[in-house]
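We name chains A, B, ... by the order of the sequence lines, and we start the count at 1 in each one. We use all heavy atoms of the structure for the numbers below, so side chains are in, but hydrogens, waters and symmetry mates are not.
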Amino acid sequence: MTTTKLAPRYDPSAIETDIYRRWLNAGVFTADVQSRADPYVIVIPPPNVTAVLHMGHGLNNTIQDVLIRFERMRGREALWLPGTDHAGIATQNVVERLIAQKEDKGRHDLGRDRFVERVWEHVRETGDTILDQLKAIGSSCDWSRTRFTLDEEYSHAVLKVFVDLFHQGLIYRGYRVIHWCPRCHTALSDEEAEFRDRDDHLFYIGYPLSDTAERRGTDFVVVATTRPETMFGDVALVFHPEDERYRGLEGRLVRIPLTDVDIPIAVSARVEREFGTAMLKVTPAHDANDFEIANELEGEYAMPVVIDAAGDMADDPRVPTALRGLERYAARDKAVAMLEAEGLLERMEPYRHAVRHCYRCHTVVEPRLSDQWFVKMKPLAEPALRAYREGRLKFVPERWGGVYENWLTEIRDWNISRQLWWGHRIPAWHCEHNGCRHITVALETPGVCPQCGGSVSQDEDVLDTWFSSWLWPFATMGWPQQTKDLQRFYPGHTLATAAEIIFFWVARMVMAGYHFMGERPFETVYIHGTVRDTLHRKMSKSLGNGIDPIEVVGLYGADALRFTVVAGAPVGTDVILDPDDLETTFASGRNFANKLWNVARFILTNLEGTTVPWQHWDPAQFELADRWILSRAQQAIVDTTEALERFRLNDAANTGYHFVWDELADWYVEQVKPRLYGATPGGDVARAILSHVFETALRLLHPIMPFITEELWASLPGERESILANAAWPTPNSTLVDGEAEDRFGRVQALVYAVRSVRAEYHVPPATQIHAEVQPASTEALEAFNAEQRTIERLAKLTTLAVNGSGEGIGAHQVLPDGSAVFVPLGDAIDVAKECGRLRSEMERLNTQLAGVTRKLANDHFVKRAPPDVVERERDKERSWREQRDTLSTKLRALGC
RNA sequence: GGGCGAAUAGCUCAGGGGUCCAGAGCGCCUGCCUUACAAGCAGGAAGUCGGGGGUUCGAAUCCCUCUUCGCCCACCA
């Protein structure tokens with residue numbers, strides 16, 4: 001690219017695809033197992049295969065990319081391992097819906113094999129979409145290592161884990177009350193059944209005592225329940241053993257209303273005496289708590305399941321004929337009506353409570369007794385807990401560690417069997433030959449039952465998706481094979497994700513990491529916020545408040561997207577974006593990219609002929625501004641590096657922004673113009689420094705804005721690494737840190753600001769050149785003004801600046817922070833009364849401040865107890881304010897106020 | 001029921017004992033198409049740092065409390 005071709009407006013769409021290809025061709029993203037460099041590894045939170053990129057992905061992956069690019073530039077062997085997740089329930093639902101729409105068929109019409117084949121077809125079609133979209137936002141993943149949780153090798157790892165855990169006694173099969181989604185037709189784990197508030201009713205139902213001659217009337221026990229339709233599954237009523245109100249009822253019988261089933265009354269300490277009537281119906285097959293109670297009661301209790309897998313009333317003798325087959329909520333209404341007719345509904349009241357819902361389809365989950373596979377979690381949780389408590393696993397921000405710890409402490413067994421077809425089929429072989437119920441758990445079928453020689457069939461269920469995701473950090477690297485990758489790149493370093501997934505994924509990866517690899521999967525978990533709209537609602541498809549990152553990339557470029565998102569995502573806070581105003585939302589990123597582009601445009605058109613790099617020049621030839629910008633650049637390096645090391649990505653973004661815009665563009669570029677144009681000598685020095693400083697800025701900004709920085713990098717003349725993505729991260733050069741230059745250039749800036757302020761105040765037309773005078777408050781100020789006199793004149797549009805001028809005439813006065821006095825003689829343009837007013841209010845402000853600091857310094861406690869440097873600073877302040885005040889009063893007198 | 005977070009300019013947020021007479025971006029007001037950039041330049045207005053109490057020489061910052069929002073966990077059916 002030749003410099004003259006740079007258009008005044010940055011057009012990201014013209015370059016992004018090419019740049020990405022350039023990186024791919026150069027193999028920049030491919031991690032080298034042979035490399036001796038210190039590895040740095042991030043594994044991607046694998047998006048669902050069927051997913052389309054949304055803003056949450058945008059944020060999550062931008063963060064990972066910034067981190068991986070930063071470490072890559074720092075010389076580490078960076079590996080960002082990408083891939084996708086088969087997402088059992090979600091994907092199966094999607095394909096089921098498609099088939100239903102297109103062919104009006106259910107999965108059972110197709111049969112298992114054909115259905116699974118259809119899902120594969122779908123996944124093959126959509127699987128690369130999300131990965132291509134990740135490329136569009138600049139993600140520097142190592143695509144040669146892309147994995148899918150249903151890849152053959154990966155699947156082998158999943159099954160092996162199941163078999164191993166089973167043989168270690170950490171996986172078992174058993175009857176438990178699990179969360180059942182009647183719509184998805186599968187069991188769910190505790191984490192997949194999420195609480196949501198629901199408006200229901202609390203029904204007070206009379207259970208007639210059935211072991212007494214009197215039938216109706218006063219002799220019944222009232223039970224409060226939200227779920228009357230489950231009463232046909234009741235096996236007992238219980239009250240608290242110390243509840244006086246029900247003394248004597250223990251051992252009596254009641255009849256389940258609408259049936260002729262009698263059940264006993266018993267006691268249980270689990271009953272809450274303050275709730276309802278303090279008499280609890282025990283429905284062991286449809287309530288986990290009731291299941292526990294029933295198991296604790298004396299004697300054997302049947303556990304009738306009265307609601308079937310579809311959520312309808314079961315065809316069970318205990319269920320009244322009129323209700324059988326009815327959907328559970330219809331059955332509830334009808335049962336209530338029937339109770340009312342029987343006079344057994346004492347009353348009902350509105351009741352709002354938290355009910356578990358399926359996290360995929362939001363259907364109310366049905367607690368249901370069934371035979372499932374579970375992982376025993378306590379032993380696995382131990383090392384994961386210890387790692388956190390002993391500081392081997394860190395969370396950023398720290399508070400999420402508490403959430404992690406709490407969950408692991410209270411952990412319950414994990415139901416991992418799903419009654420789905422899409423996923424890893426459980427490697428268990430059932431024999432049901434002549435009452436032999438032996439189960440063989442093995443990677444391959446045993447052929448015949450090892451116990452009775454009967455035929456076996458494979459378990460119909462698949463494993464929870466998360467049972468494969470929890471192996472992601474090492475199964476992606478070839479485990480259980482001892483691959484080179486595994487040796488080199490495990491354990492990894494940073495995991496970036498959202499808080500919602502700490503239980504589902506993060507904690508479980510740590511458990512699996514310790515159990516199978518004997519080592520943590522990563523050292524730091526960086527928890528970022530959620531992307532929300534301006535009403536602070538989570539962006540979601542159903543609310544229609546989402547932003548399509550690809551649309552944003554098309555409109556404003558990937559760098560604008562990345563910059564906006566990173567700058568707006570301080571550690572630990574949510575990112576608020578306005579879906580109704582993309583223009584405003586992404587303006588800061590887009591504008592900044594454009595600024596960078598134009599700085600480059602200016603520099604490149606003036607850089608021709610530069611051959612001698614800045615290091616080769618004698619620093620004695622450097623002007624004050626040169627020393628200043630070099631010093632500021634060191635600060636920018638220090639600040640950006642520290643920010644990225646501390647995961648303060650927003651600080652890194654803002655540091656780059658301010659350095660480029662407020663210092664490099666607004667001041668240095670302006671200061672350097674006369675030299676570049678040949679108006680003053682030293683053009684080559686200026687060019688060398690400008691080039692160096694800009695190059696540094698590109699390096700610092702590259703992790704956040706990779707496309708534009710790479711593009712501009714390629715057009716910079718001079719010797720340096722050919723690809724910025726692979727270039728070295730800058731290190732601060734202490735010899736360039738120049739406090740004196742920063743102090744003096746600061747005085748120059750203050751003087752320019754003061755004159756500009758006067759110009760604006762008195763509406764001096766921009767084209768009009770005026771005269772100004774300054775009386776420096778110190779030799780430092782004097783030297784600064786002399787050194788940059790030309791700069792001051794140019795930037796403040798002055799005919800001349802008189803340093804130590806006479807200060808005579810009618811004009812506007814300004815006092816600089818260091819006490820230097822500025823005088824702009826404007827003659828008739830000056831409204832003396834107005835000027836006096838302005839100066840007086842200035843004086844007032846100074847006096848107030850002075851009074852404050854004087855009071856402070858007069859306070860013995862302060863002077864004695866405060867640290868000496870603080871006291872010293874206060875003294876400095878007082879001194880400088882006094883100087884300013886003295887200057888001001890001279891001015892006031894001169895004006896005759 | 002338990003826990004966590006947030007409250008600072010109209011909006012989104014920095015700042016987490018003195019370096020801040022309280023900052024940024026966007027928005028707003030004034031003036032400018034000044035040969036890198038109008039996606040820009042220059043200047044400016046705007047905040048009792050949610051209320052109350054306390055600790056301290058000193059509080060936006062630490063502690064307590066209240067209010068309001070948000071999130072997570074939880075077997076009162």
### Message
Anti or syn, where syn is a glycosidic angle within 90° of 0; which label fits G16(B)?
### Response
syn
### Task
Taking only Lys NZ, Arg NE, NH1 and NH2, and the carboxylate oxygens of Asp or Glu, determine whether Arg882(A) and Glu878(A) approach each other closer than 4.0 Å.
yes
#### Entry: Runs of at least three consecutive pairs that involve RNA chain B, where pairs are Watson-Crick or G-U with distances under 3.5 Å
B:1-7 with B:67-73, B:10-13 with B:23-26, B:28-32 with B:40-44, B:50-54 with B:62-66
### Task
Describe the nucleic acid contact of Tyr677(A) in one word from base, sugar-phosphate, nothing, applying a heavy-atom distance below 4.0 Å.
sugar-phosphate
## Note on the structure
Taking A39(B), G25(B), G18(B) as options, the one with an atom nearest any side-chain atom of Val870(A) is G18(B)
### Query
Roughly how far apart, to the nearest Å, are U8(B) and A74(B) at atom C1'?
35 Å
### Task
Summarise protein proximity over nucleotides 68-77 of chain B in one line of letters, 5' to 3': B for base, S for sugar-phosphate only, - for none, counting protein heavy atoms closer than 4.0 Å.
-----SBBBB
### Query
Would you say A39(B) has OP1 or OP2 under 4.0 Å from some side-chain N or O of Arg9(A)?
yes
### Task
For Lys538(A), report the nucleic acid contact type (base, sugar-phosphate, nothing); a contact means any heavy atom under 4.0 Å.
nothing
### Query
Which part of the nucleic acid, if any, lies within contact of Arg759(A), taking any heavy atom under 4.0 Å across all strands shown: a base, the sugar-phosphate backbone alone, or nothing?
nothing
### Task
Mind checking Ala288(A) for me? I need base, sugar-phosphate or nothing, with any heavy atom below 4.0 Å counting as a touch.
nothing
### Query
Distance between the C1' atoms of C49(B) and A24(B), in whole angstroms?
15 Å
### Message
The criterion is ring pair (Phe, Tyr, Trp, His ring centres under 6.0 Å); which residues satisfy it with Phe563(A), sequence neighbours excluded?
### Response
Phe592(A), Tyr657(A)
### Message
Can you confirm whether Glu349(A) is buried at CD, in the sense that more than 12 heavy atoms of other residues, nucleotides or ligands lie under 6.0 Å from that atom?
### Response
yes
### Message
If you only use heavy atoms from C-beta on, which nucleotide in G31(B), C37(B), A39(B) is closest to the side chain of Arg590(A)?
### Response
A39(B)
### Task
Output every pair passing side-chain hydrogen bond (donor to acceptor under 3.5 Å, both in side chains) with a member in residues 760-770 of chain A, not counting sequence neighbours, ordered by first then second residue.
Tyr762(A)-Glu835(A)
### Query
Considering only heavy atoms and no angle criterion, is a donor-acceptor pair shorter than 3.5 Å present between the side chain of Glu670(A) and the base of A36(B)?
yes
Could I get a table of every N or O pair under 3.5 Å where one atom is in the protein and the other is in nucleotides 15-17 of chain B?
unit_1	atom_1	unit_2	atom_2	d
G15(B)	OP1	Arg648(A)	NH2	2.4

### Task
For each nucleotide in nucleotides 40-47 of chain B, reading 5' to 3', give B when a protein heavy atom comes within less than 4.0 Å of its base, S when such contact involves only the sugar-phosphate, and - otherwise.
SSSSS---
